[in-house]
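Note sheet for the following structure.
The chains referred to below are lettered A, B, ... by the order of the sequence lines, with proteins before strands, and numbering in each begins at 1.
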Number of protein chains: 2
Amino acid sequence: MTTKKNDPRVMRTRQLLQDSFTSLIREKDFKDITVRDITEKATVNRATFYAHFADKYELLDFTITNTFRDYLRQRLNCHDVFNQESITNILLIMCDYHKDLSSRCQRSYQSLRPIIESKIIEELQNVIFHLLLKGNKNTSFLDDDRELLKTISTLLSWSIYGAAYTWNNDGRKISAEELISKTIPIIMNGVGKLIS
Amino acid sequence: MTTKKNDPRVMRTRQLLQDSFTSLIREKDFKDITVRDITEKATVNRATFYAHFADKYELLDFTITNTFRDYLRQRLNCHDVFNQESITNILLIMCDYHKDLSSRCQRSYQSLRPIIESKIIEELQNVIFHLLLKGNKNTSFLDDDRELLKTISTLLSWSIYGAAYTWNNDGRKISAEELISKTIPIIMNGVGKLIS
DNA sequence: GCTGAAATGTTGTTTAAACAACATTTCTAA
DNA sequence: TTAGAAATGTTGTTTAAACAACATTTCAGC
């Protein structure tokens with residue numbers, strides 16, 4: 001079966017599985033959720049599950065990537081360019097995201113973290129990279145330039161993710177705004193000269 | 001295609017079509033709703049629509065019957081027997097139903113009425129018949145008895161439907177409770193001696 | 001450790017949904 | 001009135017979902 005991912009049936013099935021999973025993750029720890037649970041709630045045959053995902057980890061990846069992408073899109077202005085404002089916004093978004101996730105997945109937040117971390121950062125890295133690209137549209141594009149932007153977006157995505165995660169995990173002892181005012185100068189200092 | 005109606009795919013498709021239709025009926029008059037509109041909103045192929053329903057009228061029937069049945073089930077105690085209390089309750093339910101329907105289908109209420117009327121009454125008739133049956137469980141069942149109960153439920157369903165419809169359509173100049181106190185005595189008088 | 005039950009994957013077959021293409025009817029506006 | 005656009009039905013083919021049956025792994029309780 002060479003599942004065309006634009007077939008309405010395929011999209012529906014994936015959506016049903018994703019919805020079912022998001023609903024289950026509110027109630028149970030990830031490790032206690034079985035494939036059977038997921039497919040039953042989704043009213044999808046178990047064999048169909050395996051036609052789409054290797055196992056529940058792959059569905060987790062899919063779900064996390066999707067919802068996080070939506071989350072970003074919703075709160076990011078599509079005309080945004082890389083600057084202090086947009087990076088500040090992203091840090092704020094990441095703070096909220098961790099806050100939301102940890103409350104929405106009470107049962108699983110800790111066990112999920114190591115699994116989803118890389119996906120989130122990857123997505124974040126991508127967004128930042130594209131912000132950087134847009135800011136440099138007119139300049140000629142040597143491979144070296146691209147590499148530099150890649151490096152910057154890697155560093156930024158990890159540091160922003162890490163800052164927000166640590167803030168949330170340590171109990172949010174300061175406000176998100178305080179965190180931002182402490183963190184952003186350092187971040188922007190680091191890349192300031194490179195991209196001006 | 002001999003559509004087994006307990007296949008999850010079949011149930012899902014019908015539900016999607018029904019939901020799409022209920023949503024469209026809020027916005028548009030029934031006559032302005034095309035089969036294409038329905039299937040597009042439901043993300044179901046148009047040909048699939050015709051595998052389930054002959055035309056939009058059949059979907060209307062299906063939807064009305066379904067939602068009305070749910071509406072009744074929700075507000076009717078399953079232990080109810082035929083008596084003044086349960087019939088009063090049914091009249092009240094029918095008043096609410098007409099009130100709801102006329103507000104929810106502003107665009108179509110008048111054009112829908114003649115089409116759905118028979119389905120609603122049929123359903124109502126069924127419910128009342130079963131209430132009557134339960135009340136007479138122990139007595140021996142001659143065909144003549146059944147016929148009498150049939151006749152009673154026909155009369156009651158039409159009169160109750162008619163009373164509620166007229167009340168709603170004339171602008172609800174009295175409260176539902178007033179309507180009930182005026183109507184129920186007459187209704188119960190008519191059948192009173194027959195079923196005691 | 002051993003056993004049986006539950007969960008996980010896998011496979012072949014059947015069935016319903018998607019799709020494209022077509023003929024027919026109904027509307028609409030020039 | 002008439003041309004063409006849109007909506008309605010219909011059909012044959014392709015594809016994905018459902019299903020049942022199976023082997024394999026995991027795991028809890030004895």
Side-chain angles (χ1 to χ4, degrees), chain A residues 1-63 66 107-108 111-112 114-115, chain B residues 1-64 66 107-108 111-112 115:
Chain A
M1 210 169 2
T2 344
T3 51
K4 276 187 189 173
K5 79 176 185 332
N6 56 332
D7 184 319
R9 289 171 293 184
V10 174
M11 297 177 62
R12 189 171 311 135
T13 300
R14 294 166 102 89
Q15 190 63 51
L16 285 167
L17 290 171
Q18 185 179 314
D19 290 349
S20 160
F21 179 74
T22 340
S23 153
L24 285 169
I25 205 75
R26 289 163 184 269
E27 311 159 13
K28 290 187 187 183
D29 186 354
F30 180 68
K31 75 172 184 336
D32 297 327
I33 298 175
T34 70
V35 172
R36 180 169 258 111
D37 290 340
I38 298 168
T39 54
E40 265 173 16
K41 174 157 276 191
T43 61
V44 162
N45 194 282
R46 203 164 52 83
T48 307
F49 177 96
Y50 290 106
H52 291 272
F53 304 102
D55 49 34
K56 63 176 182 172
Y57 293 88
E58 216 172 279
L59 173 60
L60 173 68
D61 275 8
F62 176 78
T63 305
N66 264 357
R107 300 266 105 67
S108 311
S111 61
L112 248 50
I115 313 175
Chain B
M1 206 167 6
T2 343
T3 48
K4 276 188 193 175
K5 78 177 184 337
N6 56 332
D7 184 320
R9 289 171 293 183
V10 173
M11 297 179 61
R12 190 172 308 134
T13 299
R14 293 165 103 90
Q15 191 63 52
L16 286 167
L17 290 171
Q18 184 180 315
D19 290 350
S20 158
F21 179 74
T22 342
S23 153
L24 285 169
I25 206 76
R26 288 163 186 268
E27 311 160 13
K28 289 189 190 183
D29 187 354
F30 180 67
K31 73 172 185 335
D32 297 326
I33 298 175
T34 71
V35 171
R36 179 169 258 110
D37 290 340
I38 298 168
T39 54
E40 266 173 13
K41 174 158 277 191
T43 60
V44 162
N45 194 280
R46 205 163 52 81
T48 307
F49 177 95
Y50 289 105
H52 291 271
F53 303 101
D55 49 34
K56 65 177 179 171
Y57 292 88
E58 217 172 278
L59 173 60
L60 173 66
D61 275 9
F62 176 78
T63 306
I64 289 295
N66 264 357
R107 299 267 106 67
S108 311
S111 61
L112 248 50
I115 313 174

Report the distance from atom CD1 of A/Ile115 to atom CG of A/Asp61, rounding to the nearest 0.5 Å.
8.0 Å
Check for a donor-acceptor pair, side chain of A/Thr34 on one end and backbone N or O of A/Asp37 on the other, with a separation under 3.5 Å.
yes
Between A/Asp55 and B/Arg14, whichever has its closest DNA chain C nucleotide further toward 5' is A/Asp55
Tell me the interatomic distance from A/Glu40, atom CD, to C/dA6, atom P, rounded to whole angstroms.
13 Å
Distances for protein N/O vs nucleotides 18-22 of chain D N/O pairs under 3.5 angstrom?
unit_1, atom_1, unit_2, atom_2, d
D/dA18, OP1, B/Arg12, NH1, 3.4
D/dA18, OP1, B/Arg12, NH2, 3.3
D/dA18, OP2, A/Asn45, N, 3.0
D/dA18, OP2, A/Thr48, OG1, 3.1

Inter-end axis angle, the helix from C/dG1-D/dC30 to C/dA30-D/dT1, with every axis fitted to five base pairs (rounded, 10 degrees):
50°
A/Tyr50 side chain near C/dT10 phosphate (N/O to OP1/OP2, under 4.0 Å):
no
Assess whether side-chain contact (heavy atoms from CB on, under 4.5 Å) is satisfied between B/Phe49 and B/Thr13, documenting all intermediate values.
CA-CA 9 Å; B/Phe49 177 95; B/Thr13 299; over 6 Å; no
Atom CE of B/Met11 and atom P of C/dT15: how far apart are they, to the nearest Å?
19 Å
Keeping the roles fixed (side chain from B/Asp55, backbone from B/Glu58), state whether a donor-acceptor pair exists under 3.5 Å.
yes
Residue-phosphate contact under 4.0 Å: B/His52 side-chain N/O, C/dA16 OP1/OP2:
no
For DNA chain D, which residues in residues 24-34 of chain B have a heavy atom at a distance below 4.0 Å?
B/Thr34
Rounded distance in Å - CG (B/Asp37) to P (D/dA6):
13 Å
Show the atom names and distances, to 0.1 Å, of all donor-acceptor pairs under 3.5 Å that link a side chain in residues 17-24 of chain B to residues at least two apart or in another chain.
unit_1, atom_1, unit_2, atom_2, d
B/Gln18, OE1, B/Asn66, ND2, 3.0
B/Asp19, OD1, B/Gln15, NE2, 3.0
B/Ser20, OG, B/Ile38, O, 2.8
B/Thr22, OG1, B/Gln18, O, 2.4
B/Ser23, OG, B/Lys41, NZ, 3.2

Nucleotide C/dT10, atom C1' - distance to CZ of A/Phe49 in whole Å
14 Å
Whole-Å gap separating P (D/dA7) and NZ (B/Lys56)
11 Å
Please walk me through it: do B/Tyr57 and B/Phe30 pass side-chain contact (heavy atoms from CB on, under 4.5 Å)?
CA-CA 9 Å; B/Tyr57 292 88; B/Phe30 180 67; 3.4 Å; yes
side-chain contact (heavy atoms from CB on, under 4.5 Å) partners of A/Lys31, counting only residues at least two apart
A/Asp29
Quickly work out the A/Phe53 CZ to D/dA17 P distance and round it to whole Å.
11 Å
Spacing of OG belonging to B/Ser108 relative to CG belonging to B/Asp32, to within rounding of 0.5 Å:
8.0 Å
Sequence neighbours left out, what pairs pass side-chain hydrogen bond (donor to acceptor under 3.5 Å, both in side chains) with at least one residue falling in residues 42-52 of chain A?
A/Arg14-A/His52, A/Thr43-B/Arg12
Side-chain contact, heavy-atom cut-off 4.5 Å: B/Leu112 with B/Ile25?
yes
Could you state the CZ-P distance from B/Arg36 to C/dT25, rounded to the nearest angstrom?
18 Å
